[in-house]
Amino acid sequence: MLRALIQLSIADDIVHLIKSARYAMFKKKSNSTQPDQPRPKRRKRWPWVIGALILIVVIVLSLPQVMQSGNKAPVVEGVKVEKGPIAYKISTRGDVLSKFQYDVVPRVSGRVSQVHVKEGELVKKDQVLVTLEASDIQEQLADLELEMKMAKATLAQIEVPSNEGKQATKDALEAQLAIAENEFANAQVLFEEGSYTKAQVAQADLALKNAKQNLANHNTTNAAKKAQQERELQMLRINSLQVKIDRLNVRIEQAVIKAPAAGTVSKIMVKVFDVATGQMPVVTIVDVNALQISTNINQYDIHKIAVGLAVNVTADGLKDQVFNGKISSIAAVAQKTITGQSQETVVPVLIDLDNTSGAFKPNFTARVEIVIAQKEEATLIPYEATRIDKTRGRLAYVIQDGKLIEKVVKSGIEGELFIEMADDAIKVGDYLLLNPDETHTNGMAVTFTPASEEVKP
């Protein structure tokens, strides 16, 4: 109705302008037949009239299109729902490390006399790596071994007396006593005769007393006990010398530094004439066959993984090869890391890597893909066909009979580009509105066209 009224009003204006233009032209012509009448100068009006006519014609012709476009449904793009495989994966990067790394530290200090290996060399367990000088230790050992020989010779001379020897000793003591008694008696007689002094008599008396005491002290048990004590003391001395000798032999053996396990020499920290101490390693050995990957998992994903979970591993330079891995350790404590200008909370994770092919080397950078869930066939909805509502969650709009039908998306597995539809609210073959926003509402009329670029699973 409004459009008809506008068109009628414009038509009346056009008719009025045409009549005015015709009248102006007629008046101009009639005035031209009066030759002697002076005419004032007047501005030409006909160009303005023609311009107005043209403008009005354009407005009249475009008005129906304008009115019609105001009532036309908006054109939208839609994408078809299809089935396909989907997987939820956690992707990250990590450093390849040797699972078994040995920093060989000498147990004795000394000057390096020889380095027996080179970096990159494959060594066996107990293979000699470095030799330290041990001349001072060897001199000490020679002195102790000589002292040991003397101690053993002394021990051989200590014997427990035999019974015959014991009796002979007793007989000798008794004979000495008899002699002492006889000499004392003679000394008394000579003293009475005036030939001996009192001092000489006292000396004879002392010798007699000593002889008696020696005979009284002589006892078979006491003699054996004394000999046994001397023997035990000598054995203790020999044992002490042996302990010292063993210690020096150990130090000499430790001066020859050997590989604690088979592996590859990754680094040598000393050269000939350097002084090695027990504070710093001299050689580092790694097992290049037993490798692991050290990586970090975001705190929001860490609860989704567990020890023993399978992992796919790739690396730059190894083309499209995929290697197997398995989560072996999850740290008990999270860490803060700086990523760009933001801070992120992560949990350190170790992954055992199957490197039987030898493709990986320590210090490589590996790409890690942890598959949390996957399906070979699922109803897939692209993320760009959904929007998030604060109260109702994720929404999608099915295009049906020229209208939008709002659906709440109950998601299953969430992949990188698609979401699995966990119920049948949206079916395979439905078309969904691409890039919906708050302006799109349930029941809204639309003109549908397929997406210019198909979103394929």
Side-chain angles (χ1 to χ4, degrees), residues 84-103 120 261 263-264 266-267 284-378 380-384 411-420 422 455-457:
I86 189 171
Y88 176 66
K89 305 173 183 178
I90 299 174
S91 298
T92 183
R93 285 179 174 264
D95 296 325
V96 178
L97 308 173
S98 175
K99 189 175 181 181
F100 302 106
Q101 177 172 313
Y102 307 92
D103 292 324
T264 301
S266 66
K267 192 173 183 181
T284 298
I285 297 175
V286 297
D287 188 344
V288 296
N289 293 322
L291 300 181
Q292 62 184 3
I293 301 170
S294 175
T295 188
N296 295 320
I297 302 298
N298 190 284
Q299 63 174 336
Y300 301 109
D301 291 325
I302 194 64
H303 66 282
K304 301 171 184 175
I305 68 172
V307 172
L309 192 64
V311 174
N312 295 326
V313 181
T314 57
D316 298 333
L318 296 179
K319 297 182 179 180
D320 297 327
Q321 298 181 68
V322 179
F323 300 84
N324 297 325
K326 184 181 293 185
I327 296 176
S328 60
S329 173
I330 300 175
V333 179
Q335 298 178 353
K336 301 288 186 181
T337 60
I338 303 299
T339 304
Q341 297 181 348
S342 61
Q343 182 173 269
E344 187 178 11
T345 302
V346 297
V347 179
V349 172
L350 292 177
I351 299 169
D352 286 346
L353 175 62
D354 182 2
N355 192 42
T356 53
S357 65
F360 279 89
K361 306 293 182 185
N363 298 324
F364 269 24
T365 297
R367 293 194 300 269
V368 176
E369 185 179 78
I370 307 173
V371 180
I372 304 301
Q374 61 181 350
K375 270 187 181 180
E376 292 300 324
E377 189 170 339
L380 304 182
I381 300 174
Y383 281 101
E384 55 194 310
S411 59
I413 299 174
E414 297 183 1
E416 295 182 2
L417 301 176
F418 293 88
I419 307 169
E420 176 198 9
V455 182
K456 289 291 184 181

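Residue numbers count from 1 along this sequence.
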Exercise. If only atom types and distance count, is the side chain of Thr314 paired as donor or acceptor with the main-chain N or O of Val322 below 3.5 Å?
Worked result: no

Exercise. When you measure from the side chain of Tyr88 to the backbone N and O of Gly412, does any donor-acceptor pair fall under 3.5 Å?
Worked result: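 Absent.
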
If we only count heavy atoms from C-beta on, is the [X] to [Y] side-chain gap below 4.5 Å?
X	Y	value
Arg367	Asp316	yes
Phe360	Val313	yes
Ile293	Leu97	no
Val311	Asp352	no
Ser329	Val349	no
Val288	Asn355	no

Seminar exercise, completed: Which of Ile370, Val368, Ile297 passes side-chain contact (heavy atoms from CB on, under 4.5 Å) with Ile327? Answer is Ile370

Exercise. When Val347 is tested against each of Asn296, Asp301, Ile302, Ile305 for side-chain contact (heavy atoms from CB on, under 4.5 Å), which residue passes?
Worked result: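 The side-chain contact (heavy atoms from CB on, under 4.5 Å) with Val347 is passed solely by Ile302 among Asn296, Asp301, Ile302, Ile305.
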
At what distance, to the nearest 0.5 angstrom, does [atom1] of [X] lie from [atom2] of [Y]?
X	Y	atom1	atom2	answer
Ile86	Lys375	CD1	NZ	9.0 Å
Asn324	Asn312	CG	CG	7.0 Å
Ile351	Leu291	CD1	CG	13.0 Å
Glu420	Gln374	CD	CD	12.0 Å
Phe100	Ile285	CZ	CD1	14.0 Å

Exercise. Does the pair Thr92 and Asn298 meet the rule for a side chain to side chain contact (heavy atoms under 4.5 Å, CB included), with working shown?
Worked result: CA-CA 9 Å; Thr92 183; Asn298 190 284; over 6 Å; no

Problem set entry | Electrostatic pair Asp354:Lys326 at N-O distance under 4.0 angstrom |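 Salt bridge: no.
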
For residues [X] and [Y], report the shortest heavy-atom separation together with the two atoms involved.
X	Y	value
Glu414	Tyr383	CB-OH, 3.3 Å
Ala334	Thr345	CB-CG2, 3.9 Å
Arg93	Thr365	NH1-CG2, 3.7 Å
Gln299	His303	O-ND1, 4.4 Å

For this session: Indicate whether any N or O donor in one side chain lies under 3.5 Å from an N or O acceptor in the other, for Ser98 and Gln101.
Result: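 Ser98 vs Gln101: no donor-acceptor pair found between side chains.
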
Exercise. When you look at Ile372 and Leu309, which way does the side chain to side chain contact (heavy atoms under 4.5 Å, CB included) test go after all the steps?
Worked result: CA-CA 9 Å; Ile372 304 301; Leu309 192 64; 4.1 Å; yes

For this session: Check whether more than 12 heavy atoms from other residues, nucleotides or ligands sit under 6.0 Å from atom CD of Gln343, and answer yes or no.
Result: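 Enclosed: over 12 neighbouring heavy atoms sit under 6.0 Å from CD of Gln343.
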
Exercise. Does the side chain to side chain contact (heavy atoms under 4.5 Å, CB included) test come out yes or no for Phe323 and Leu318, once each step is laid out?
Worked result: CA-CA 10 Å; Phe323 300 84; Leu318 296 179; 3.8 Å; yes

Problem set entry | Criterion side chain to side chain contact (heavy atoms under 4.5 Å, CB included) on Gln292 and Leu353, from CA distance to verdict | CA-CA 5 Å; Gln292 62 184 3; Leu353 175 62; 5.9 Å; no

